[in-house]
Amino acid sequence: MNAKRLDGKALAATIREGLGQRVKAHTEAGGRAPGLATVLVGDDPASHVYVRSKRRACDAAGMVNVHRELPADADQAEVLKLIEALNQDKTVDGILVQLPLPAGMDENKVLAAVDPNKDVDGFHPVNQGRLLQGQPGLRPCTPVGIMRLLQETGASLKGAHAVVVGRSNIVGKPVALMLLEQHATVTLCHSRTRDLAAEVQRADVVVAAVGVPQLIQGSWIRDGAVVIDVGINRNEEGKLVGDVEFESASARASWITPVPGGVGPMTIAMLLQNTVDNCLNGASSS
Ligand code: NAD
C-alpha cells in the first residue's frame, strides 16, 4: 500500500476561503465582522511567530484582530484584568491566550478567566466538561482539525479501533473523546504505556501527539490504517519531522498526514471557524 496524503494545507486554505466568504456576506448584510483577540505575555520568540500568523489569517478572512501584549514581568492580576476587559468587549467574539505563559503564572487560573462563550481555543474547564458530556460547546482547534481530516478520508469511524498516543489536555484527551463520540473504540496511550508497538499494531486509526521525533515506527502501522501525525519536532539535522516515521509508515497506511502541511494548518483554520461561528450564531454576545 502506498498511502494517500491528507493535505491539511490545501484543506485549510479551502476552509479559510469559505470563512472569508461567510464573513463578507455577513458584513455586506450589515453585520459586525467577527473579532478575535490575541493575548501575548512575554517575549517567547515562537509565541510571537504563532500569534503573528493567527492575526494574519484573521485579516485575510476579513475578520477583526485585536491584539494585546504584556511584558514578561507583568503580574497575573494585570493579565486577569485584561482578559476581563476582553470578556466585556462586544466587538470580541473569541479570546486566545497564547501559551506558554511566563514562569510563575498560573496557566489554569488565567485560562479559566476567559468567558467560556469566547473561549475559541476550547481550553476552559467548562468547555472541556461539555466535550466530556457530549454537549455543544467550543472545542479545541487541533482535535477538531484532526476530526475534519479524518472525515476527508471517507473512512467510517464506527467500531474502528483508534489509538491515540499522548494524553495532553489540548490534543490527546480531547481527540480521544471526539473519536469516542464518533463510535470508535479508543485506546489512549502515554509515556507509561507498557507496549506501545503492540497497541499501535492493532489500530485502524493512529493519532500521534507526543512530541518525540519519529517515535512511531513504520513497521508498527497496520496495513491500510489511517495515520494522523500531530507532532512538530526538529530532528538532529534540524529538519521538521513528526512523531511518525513518515516513509515507512506511508508504505503501509492508506492515508497519512505530512509534517509540515498536515495537522498544523488545520489548527489555525479551526480557530477562525470557531470565532466566525461564535459571532454569526450570536453565542459570544449572549
Ligand atoms: P504534551 O507535550 O503536553 O504531552 C506529550 C504526551 O506524550 C504526554 O501525554 C505523554 O504521556 C506522551 N508521551 C511522552 N513520551 C511518550 C512515549 N515515549 N510513549 C508514549 N507516549 C509518550 O503534548 P502536546 O502539547 O499534545 O503536543 C504533542 C506534540 O504535538 C508536540 O510535538 C507539539 O508540538 C505538537 N502539537 C502540534 C499542534 C499542531 O497544530 N500541529 C498543536 C498542538 C501540539
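In this chain, residues are counted from 1 in sequence order. Just so it is clear, the structure is predicted and the values come from calculations on it, not from any experiment. Both counts, for ligands and for their atoms, begin at 1 and track the order of listing.
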Task: Nearest protein heavy atom under 4.0 Å from atom 27 (O) of ligand 1, yes or no - done: no
Task: Close approach of Cys189 to ligand 1, heavy atoms, under 4.0 angstrom - done: no
Open item on the list: Tell me if a side-chain donor or acceptor on Asn278 pairs with a main-chain N or O of Ala283 at a distance below 3.5 Å.
Closed with: no
Task: Nearest-contact summary for atom 43 (C) of ligand 1 - protein heavy atom, Å - done: Val171 CG2, 3.7 Å
Task: Beyond-backbone contact of Leu177 with Val175, side-chain heavy atoms, under 4.5 angstrom - done: no
Open item on the list: If the cut-off is 4.0 Å to any non-hydrogen atom of Gly166, which atoms of ligand 1 fall inside it?
Closed with: 6 (C), 7 (O), 9 (O), 12 (C)
- [ ] Look at Asp204 together with Arg222 and state whether they make a salt bridge at an N to O cut-off of under 4.0 Å.
- [x] yes
- [ ] Using a strict cut-off of 4.0 Å, indicate which atoms of ligand 1 neighbour a heavy atom of Thr267.
- [x] 39 (C), 40 (O)
Task: Numbering as shown, the atoms of ligand 1 that approach Gly211 to under 4.0 Å (heavy-atom distance) - done: 28 (C), 29 (C), 31 (C), 32 (O)
Task: Protein heavy atom at shortest distance from atom 34 (O) of ligand 1 - done: Ile232 O, 3.8 Å
Task: Heavy-atom side-chain proximity of Pro140 to Asp121 below 4.5 angstrom - done: no
TODO: Mark yes or no for whether Asp229, through its side chain, and Val244, through its backbone, hold a donor-acceptor pair below 3.5 Å.
DONE: yes
- [ ] Quick one: look at Val230 and ligand 1, take heavy-atom pairs under 4.0 Å, and tell me if it's side chain, backbone, both or neither.
- [x] both
Task: Ion pair check, Glu245 and Arg252, cut-off under 4.0 Å - done: no
Task: Sub-4.0 Å heavy-atom approach of Val210 to ligand 1 - done: yes
Task: Numbered atoms and elements of ligand 1 in range of Ala209, under 4.0 angstrom, heavy atoms - done: 6 (C), 7 (O), 28 (C)
- [ ] Decide yes or no for Glu69 and Gln98: does some side-chain heavy atom of the first lie under 4.5 Å from some side-chain heavy atom of the second?
- [x] no
Task: Element-labelled atoms of ligand 1 that are located less than 4.0 Å from some non-hydrogen atom of Ile170 - done: 25 (O)
Task: Mode of Val165 contact toward ligand 1 - side chain, backbone, both, neither (heavy atoms, under 4.0 Å) - done: side chain
Open item on the list: Minimum heavy-atom separation for Phe246 and Thr257, please, with both atom names.
Closed with: CE1-O, 3.8 Å
